[in-house]
Number of protein chains: 2
Amino acid sequence: MAQAAARRNGGKQSRIQTENRALIMQAALDVFSTDGYRGATVDRIAERAGMSKTNLLYYYPSKEEIYRSAIEQTVEDWLDPFAAIDPDGDPIEELRRYITIKLEMSDRYPEASRLFANEIQRGAPLVGEFLQTRLKSLVDEKAAVIRSWIDEGKLAPVDPYHLVFTIWATTQHYADFEVQVQAILGGQAKKPGFNEQVAHAVLSILLNGIRPR
Amino acid sequence: MAQAAARRNGGKQSRIQTENRALIMQAALDVFSTDGYRGATVDRIAERAGMSKTNLLYYYPSKEEIYRSAIEQTVEDWLDPFAAIDPDGDPIEELRRYITIKLEMSDRYPEASRLFANEIQRGAPLVGEFLQTRLKSLVDEKAAVIRSWIDEGKLAPVDPYHLVFTIWATTQHYADFEVQVQAILGGQAKKPGFNEQVAHAVLSILLNGIRPR
DNA sequence: GTCTATATCCGGATAGAC
DNA sequence: GTCTATCCGGATATAGAC
């Protein structure tokens, strides 16, 4: 048993284990993000990961555990840059940095973005509690920061919560609705420099919208 | 055969047929929008529509046809207000009106919004062609209108396409990520006046972002 | 660690009675 | 128009050989 072996040598995994688990996670992101939890099949995930279904189930005990693992990883990655918004930094610069990072994440990990979107649209059966506890308090905290920036006259008076929602919505749109964006923009959405164009446009609209006037 | 009967009396449906079809469509929106196409089951749709699976399959020949019907209806409804943007109107007022209508639609028909989002995230197997043809030319047309507004100095110089994406993203966010919004805002997202609060916040950010300065 | 075979269940769709 | 019964394919998960 690999698990037993791993336990024996202090929780460490063999090289092949680490590799296979990484392969499975990437495949899981791909499949779950397009087909959803219920629509995804272990077979497809295994195929994408380049191994047999039974072999995959040797690494993860069940479909649900694969999903849980993928979504927990995604959630952690999402939180970091938001938590990093600095109350003592320049408001416009802090938000510019956050928006830029989120756009980069949407570009580099669109499957993760879609996986999370799918989980929320399903009614968040797995991350529901997380939303109401950790995420809520973090947003409350950052909303207070934004409010204080507004009170100091450094930002236009906008509702902090809806500002956060607006940032999330716009930045994730380029991952979640990638197909639509490409259908409308055609080839240019593939060209180099497209990401900079997106960043410029989004930043220009949002930052102008909240700059004090 | 009901279809034969309908054909005989000139395409009209009996009262019970019309009712049942409406029940099925609403149930289909509910189930497909949360579980996705693959994850949805005819059984669940039937249960939600208050009839047996076989009875449902009497009205629609297959799961795919139910889905197609639901998504086509949704797409048509989505297009109307966008097409209604008037080149001769006041730019800010036209966009204000469009954003307001889209927010209302997200509030009243969140399942339709999520159904469409899900279809796009799956890679748009059904509406892909629609996106590349009808939607693309409509967006091209409206982008030209926005560009002319900018050239006349009536709007700040923003990329018209990304402005459209930004509007779509923000307005649909309140439907697609409803659970997250509620988790973070708690009870206030249910209170009367919430929609007005959302509209005010979104309009304030977006319109300030594109008002000429 | 990986494979073949299989138990078990569920979902879509049809046949045919009423 | 609606129901019961049923076929069949596909999906999760396990047993056991190598």
Side-chain angles (χ1 to χ4, degrees), chain A residues 1-9 11-25 27-28 30-32 34-70 122 125-126, chain B residues 1-9 11-25 27-28 30-71 122 125-126:
Chain A
M1 289 241 157
Q3 285 90 340
R7 251 177 265 124
R8 253 182 277 118
N9 65 20
K12 289 220 182 63
Q13 295 172 5
S14 72
R15 205 188 99 257
I16 191 165
Q17 274 204 348
T18 315
E19 273 181 20
N20 275 346
R21 285 182 166 264
L23 282 173
I24 293 170
M25 272 302 103
D30 290 349
V31 177
F32 281 129
T34 56
D35 293 344
Y37 176 71
R38 302 182 80 121
T41 71
V42 178
D43 233 344
R44 278 173 67 96
I45 298 173
E47 191 188 12
R48 242 211 150 79
M51 68 188 74
S52 71
K53 178 168 59 163
T54 22
N55 199 13
L56 187 151
L57 286 170
Y58 166 76
Y59 287 96
Y60 287 88
S62 69
K63 174 179 170 177
E64 201 185 324
E65 278 309 309
I66 308 171
Y67 183 76
R68 186 188 309 275
S69 200
R122 289 207 300 150
L126 233 99
Chain B
M1 288 242 156
Q3 284 91 339
R7 250 176 267 124
R8 254 180 276 117
N9 65 18
K12 288 219 183 64
Q13 295 172 5
S14 73
R15 205 188 99 258
I16 191 164
Q17 275 204 349
T18 316
E19 275 181 18
N20 275 346
R21 283 182 166 264
L23 282 172
I24 293 170
M25 272 302 103
D30 289 348
V31 176
F32 281 129
S33 66
T34 55
D35 294 343
Y37 176 72
R38 300 183 82 121
T41 71
V42 177
D43 234 344
R44 278 174 68 96
I45 298 173
E47 191 188 12
R48 240 209 151 79
M51 67 188 74
S52 70
K53 178 168 62 163
T54 23
N55 198 14
L56 187 152
L57 287 169
Y58 166 76
Y59 288 96
Y60 287 86
S62 69
K63 175 179 171 177
E64 200 184 324
E65 278 309 309
I66 308 170
Y67 183 77
R68 186 188 309 275
S69 199
I71 202 121
R122 289 207 298 151
L126 233 100

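Please read these numbers as outputs of a predicted model, since none were measured by experiment. All values below come from the heavy atoms of this structure, side chains included, with hydrogens, waters and symmetry mates left out. Residue numbers start from 1 in every chain, and the chains themselves are labelled A, B, ... in the order their sequence lines are given, proteins ahead of strands.
The nearest whole Å value for the distance from the NZ atom in B:Lys63 to the P atom in D:dG10 is 14 Å. Atom-to-atom, CD of B:Glu65 to P of C:dA13 comes out at 10 Å; the value is rounded to the nearest Å. Between the CD1 atom of A:Ile66 and the C1' atom of D:dA11 there is a distance of 13 Å, rounded to whole Å. For A:Tyr60 and D:dT14, the OH to P distance is 17 Å, given to the nearest whole Å.
A:Asp35 CG to A:Asp30 CG: the interatomic distance, rounded to the nearest 0.5 Å, is 10.5 Å. Annotation: the span from B:Asn20 atom CG to B:Met51 atom CE amounts to 4.0 Å, rounded to 0.5 Å. The structure places CD1 of A:Ile66 at 4.5 Å from CG of A:Leu56, a figure rounded to the nearest 0.5 Å.
Against DNA chain C, the stretch residues 32-46 of chain B makes heavy-atom approaches under 4.0 Å through B:Ala40, B:Thr41, B:Val42, B:Asp43.
Counting heavy atoms from C-beta on, the side chains of A:Glu47 and A:Val31 never come closer than 4.5 Å. Contact check for B:Thr41 versus B:Lys53: no side-chain heavy atoms found under the 4.5 Å cut-off.
A:Phe32 does not carry A:Lys63 over the face of its six-membered ring by the limits of under 6.0 Å from the centre and within 45° of the normal.
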I'd like a list of close polar pairs between nucleotides 2-8 of chain D and the protein, N/O only, cut-off under 3.5 Å.
unit_1, atom_1, unit_2, atom_2, d
D:dT2, OP2, B:Asn20, ND2, 3.3
D:dT2, OP2, B:Asn55, OD1, 3.1
D:dT2, OP2, B:Asn55, ND2, 3.1
D:dT2, OP2, B:Tyr59, OH, 2.8
D:dT2, O5', B:Asn55, ND2, 3.0
D:dC3, OP2, B:Ser52, OG, 2.7

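A:Arg21 places a side-chain N or O within 3.5 Å of a backbone atom of A:Tyr59 that can act as its donor or acceptor partner.
For A:Arg68, the salt bridge (Lys or Arg N to Asp or Glu O under 4.0 Å) partners at least two apart in sequence or on another chain are A:Glu64, A:Glu65.
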